[in-house]
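For reference, the structure is listed below as structure tokens.
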There are 2 protein chains.
Amino acid sequence: MLNYQAPLDLAFQALADPARRAMMDRLAQGPASVSELAKPLPMSLPAVMLHLKVLEESGLVKSEKVGRVRTCRIEPQMLSQAERWISERRQMWERNLDRLGAFLEETKPEHEK
Amino acid sequence: MLNYQAPLDLAFQALADPARRAMMDRLAQGPASVSELAKPLPMSLPAVMLHLKVLEESGLVKSEKVGRVRTCRIEPQMLSQAERWISERRQMWERNLDRLGAFLEETKPEHEK
DNA sequence: CTGATAGTTAAGTATATGCTTAACTATCAG
DNA sequence: CTGATAGTTAAGCATATACTTAACTATCAG
């Protein structure tokens, strides 16, 4: 698997670009077509297609074409997975701080308690 | 500001690399030196330094050097900020689904309720 | 002072990313 | 059928990313 990219690699990579976050912002309001996604963005349509491709390959977005319109929508599972990864590390760090605090408290000389 | 990168660009970019996420994993357990961070990683020390630089510039990690040892630790605020961005979009999307569900419920013919 | 440890800097390279314009296809409305 | 709309593909280019090795500096232990 020389070219394998872990799901979180792709998800965070996708979220690292302001244009793609703007697209996610729009999609958070509800499904949208490619041109709706493109309208506020200062770039060509093909560029938006590339960003959409990145979002889809990351699993953050799915789309289907009906007639000539491709409708895109958020895939919340991948969003949750990314959120959970961050949350777990932050919580681990905080528990760590708490343990340190407790340790300092316990080893404090009596008169400082 | 031709070279400005929004905080979230940098944070998500930093989290997009498996080596950097491994470093964050280690740091979630508590502070660590550069070589402790490097030990499990299949790359040279200079490469680890570059990853550390990316993490620091993103605000996810801070470090200070005492003697010849540089000690690195997680900066939880930036982690929270990234988490919040994702969480907000996911929740917005879910509220959206709920509204759609309610709408379908309300407009359903009587006999299907 | 001397060697080992911890980190840093520099230079070079391969690949990936983020666009562009031009040309094209497919669908729909009248 | 015809023109407008929505999207797609291809080719090309500039810059950024993720490393490498070699050489160097700073600190500490004895």
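A, B, ... follow the sequence lines: proteins, then strands. Residue 1 opens every chain.
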Legend entry - Hydrophobic cluster membership, M43(A) vs L50(A), 4.5 Å side-chain cutoff: no

Inset, instruction - Decide, yes or no, whether a salt bridge links R26(B) with E36(B) under the criterion of side-chain N to carboxylate O below 4.0 Å. - result: yes

Inset, instruction - Rounded off to whole Å, could you give me the CD-to-P distance for the E64(A) and dA6(D) pair? - result: 18 Å

Legend entry - Contact nearer the 5' end of DNA chain D, comparing R70(A) with Q13(A): R70(A)

Legend entry - d(CG, D9(A); P, dT17(C)) in whole Å: 11 Å

Inset, instruction - Would you give the length of the straight line joining atom CG of L37(B) to atom CE of M23(B), rounded to the nearest 0.5 angstrom? - result: 4.5 Å

Legend entry - R20(B) side chain near dA18(D) phosphate (N/O to OP1/OP2, under 4.0 Å): yes

Legend entry - Lys/Arg-Asp/Glu bridge criterion (N-O < 4.0 Å) met for R70(A), E64(A): no

Legend entry - Nearest-angstrom distance from the residue atom CZ of F12(B) to P of dT17(C): 18 Å

Inset, instruction - Indicate whether any N or O donor in one side chain lies under 3.5 Å from an N or O acceptor in the other, for E56(A) and S63(A). - result: yes

Inset, instruction - Runs of at least three consecutive Watson-Crick or G-U pairs, both distances under 3.5 Å, are what I'm after; which ones involve DNA chain D? - result: C:1-30 with D:1-30

Legend entry - DNA chain D contacts among residues 40-56 of chain A, heavy-atom distance under 4.0 Å: L45(A), P46(A), M49(A)

Legend entry - Test: E88(A) and R84(A) ion pair at under 4.0 Å: no

Inset, instruction - Hey, which sits more toward the 5' end of DNA chain C by its nearest nucleotide, D17(A) or S35(B)? - result: S35(B)

All N/O donor-acceptor pairs, side-chain side in residues 71-79 of chain A, below 3.5 Å, sequence neighbours left out:
none

Inset, instruction - Measure up the F12(A) and F12(B) rings against each other and bin them: parallel (under 30°), tilted (30 to 60°), perpendicular (over 60°). - result: parallel

Legend entry - R68(A) side chain near dA4(D) phosphate (N/O to OP1/OP2, under 4.0 Å): no

